[in-house]
Amino acid sequence: MLLKDKTVIVTGGSRGIGRAVAVACAQHGANVVVSHHSHADETIADIKALGRGVVAVKGDVADPHTAQLLVQAAVEHFGGVDVLVSNAGICPFHGFLDMPLETFQRTMEVNLHGAFYVTQAVANRMKDQGRGGSIIAISSISALVGGEYQTHYTPTKAGVHSLMQSTAIALGKYGIRCNSVMPGTILTDINKDDLSDPEKVAYFNKRIPLGRMGQPEDIGGAVVFLASDMAAYVTGASLLVDGGLFVNLQ
Ligand SMILES: NC(=O)C1=CN([C@@H]2O[C@H](COP(=O)(O)OP(=O)(O)OC[C@H]3O[C@@H](n4cnc5c(N)ncnc54)[C@H](OP(=O)(O)O)[C@@H]3O)[C@@H](O)[C@H]2O)C=CC1
Ligand SMILES: C[C@H](O)[C@@H]1OC(=O)[C@H](O)[C@@H]1O
């Protein structure tokens, strides 16, 4: 049990990577607060089945108030917060030259501004608690490489990675570690439509040295490690979890 009796906040914990991360933390003994903006019934059931505490908070991470609600829920239900996983994100694929303003703005507001708001709110609580903590942003391989239909999205993933580098410096004095996880292509709702193209699926499966695209569960271990005392001297770092996709040029 690497996270016994820790309290973990996971934004976007209702589906996909966030749900898998929330369950992985609970499997390692954590109580979990998950944010969503629709429902998180399945995640709640998963975590209760593990005998751990779980609270779901409905809110849009692009609204700074949601971050306050998450901290408040962690304090009220579990006495504080030890780990933040800033995971909530969107990727509405769209071409660059005709990108609608609202698509660009919304992607920035959810993925980058939302990460900033929740990181700042949780870090302030962690500082007041005086026992350090671990903050993990779910960045992406897309922080390091581009995508024709992701010109609005890849800057946000690079941005959250950079946010962790700078907050690692700002928060080290409080014993708060900040790191990013960079998933490759993971089969979730975010890319369900994009990966309905068999040619794209074949391209990824050929390009990825491990021969398959990732599952949300493939991300949980990296997050639990960075959340735990196993990573006590790790901050300002990033961890690619991509099956070897990034390094495979030829
Ligand atoms: N899948 C992949 O290949 C990769 C994903 N990532 C990153 O992983 C993270 C999770 O993505 P993934 O699990 O694939 O996506 P999904 O679309 O499967 O899940 C997105 C999650 O984010 C929540 N969410 C979306 N918008 C908001 C919002 N405005 N406020 C609060 N919660 C919100 C959703 O909540 P709700 O259910 O209520 O809509 C849902 O829980 C993202 O940051 C993404 O950029 C990084 C690399 C690769
Ligand atoms: C949405 C993409 O398919 C997914 O998200 C990312 O960050 C990477 O670009 C993945 O391919």
Side-chain angles (χ1 to χ4, degrees), residues 1-13 17-18 20-35 47 50-54 67 70-71 73-75 77-88 115-116 118-141 143-144 157-184 214 216-242 246:
M1 289 271 193
L2 292 175
L3 299 176
K4 184 162 173 41
D5 297 329
K6 300 289 188 183
T7 299
V8 180
I9 293 174
V10 181
T11 66
I17 289 170
V21 162
V23 170
C25 290
Q27 287 169 333
H28 277 272
N31 296 311
V32 185
V33 178
V34 294
S35 95
I47 293 174
L50 291 166
R52 300 309 306 178
V54 57
L70 286 165
V71 171
V75 171
H77 290 271
F78 305 119
V81 55
D82 303 290
V83 179
L84 166 65
V85 182
S86 175
N87 165 78
F116 185 96
V118 72
T119 298
Q120 186 185 49
V122 169
N124 271 303
R125 173 65 197 187
M126 286 176 170
K127 173 181 176 284
D128 292 346
Q129 289 172 173
R131 61 175 191 259
S134 176
I135 296 174
I136 299 147
I138 304 298
S139 172
S140 168
I141 188 173
L144 309 173
K157 297 289 100 175
V160 297
H161 167 58
S162 181
L163 175 65
M164 290 300 103
Q165 290 177 318
S166 290
T167 51
I169 301 162
L171 300 174
K173 60 176 73 77
Y174 306 114
I176 301 168
R177 298 181 292 108
C178 302
N179 296 285
S180 62
V181 169
M182 299 179 163
E217 292 70 25
D218 290 320
I219 308 303
V223 170
V224 168
F225 163 70
L226 289 170
S228 76
D229 291 340
M230 296 281 282
Y233 200 58
V234 181
T235 194
S238 58
L239 183 53
L240 265 170
V241 186
D242 69 347
F246 175 70

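Predicted model only: the values in this text are computed from it and were never measured. Position 1 is the first residue of the sequence, and the numbers go up from there.
Here the closest non-hydrogen pair linking F225 and A231 is O-CB, 3.4 Å. Closest of all the heavy-atom pairs between A88 and G12 is CB-N, 3.7 Å. Closest non-hydrogen pair, A30 versus V8, comes out as CB-CG2, 3.7 Å. For the residue pair M164 and A137, the shortest heavy atom distance occurs at CG-CB, 3.5 Å. For the pair M126 and V83, the tightest heavy-atom approach, listed with the atom from each and the gap, is CE-N, 3.8 Å. Taking both residues in full, the closest heavy atoms of I136 and A227 are given as CD1-N, 3.6 Å, listed atom of the first, atom of the second, then distance.
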* Going through the checks in order, is the side-chain contact (heavy atoms from CB on, under 4.5 Å) test met by I169 and Q165? -> CA-CA 7 Å; I169 301 162; Q165 290 177 318; 5.8 Å; no
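Without hydrogens or angle criteria, S228 side chain to L3 main chain gives no donor-acceptor distance under 3.5 Å. At least one donor-acceptor pair closer than 3.5 Å links the side chain of N179 to the backbone N or O of A237. R177 contributes a side-chain N or O that, together with a main-chain N or O of V234, makes up a donor-acceptor pair within less than 3.5 Å. Looking at D82, its side chain does come within 3.5 Å of a backbone N or O of T7 through a donor-acceptor pair. With S139 contributing its side chain and V181 its backbone, the two residues share no donor-acceptor pair below 3.5 Å. In this structure a side-chain-to-backbone donor-acceptor pair under 3.5 Å is present from H28 to L2. Side-chain N or O atoms of T119 include one that pairs as donor or acceptor with a backbone N or O of A115 at under 3.5 Å. Using modelled atom types, no side-chain atom of K157 and backbone atom of L144 make a donor-acceptor pair closer than 3.5 Å.
The structure places CD1 of I17 at 9.5 Å from CG of D218, a figure rounded to the nearest 0.5 Å. In this structure, the separation between CG on D229 and NZ on K6 is 5.5 Å, given to the nearest 0.5 Å. To the nearest 0.5 Å, atom CE of residue M182 and atom CG of residue L240 are 6.0 Å apart. Atom-to-atom distance recorded for L84:CG and L70:CG is 8.5 Å, nearest 0.5 angstrom. Here the straight-line distance linking atom CG of L171 with atom OG of S134 works out to 11.5 Å at 0.5 Å rounding.
Tested against V85, the residues T11, L226, I9, V10 include a single side-chain contact (heavy atoms from CB on, under 4.5 Å) partner, V10.
The shortest distance between side-chain heavy atoms of V75 and V81 does not fall below 4.5 Å. Using a 4.5 Å heavy-atom cutoff, the side chains of V223 and I138 are in contact.
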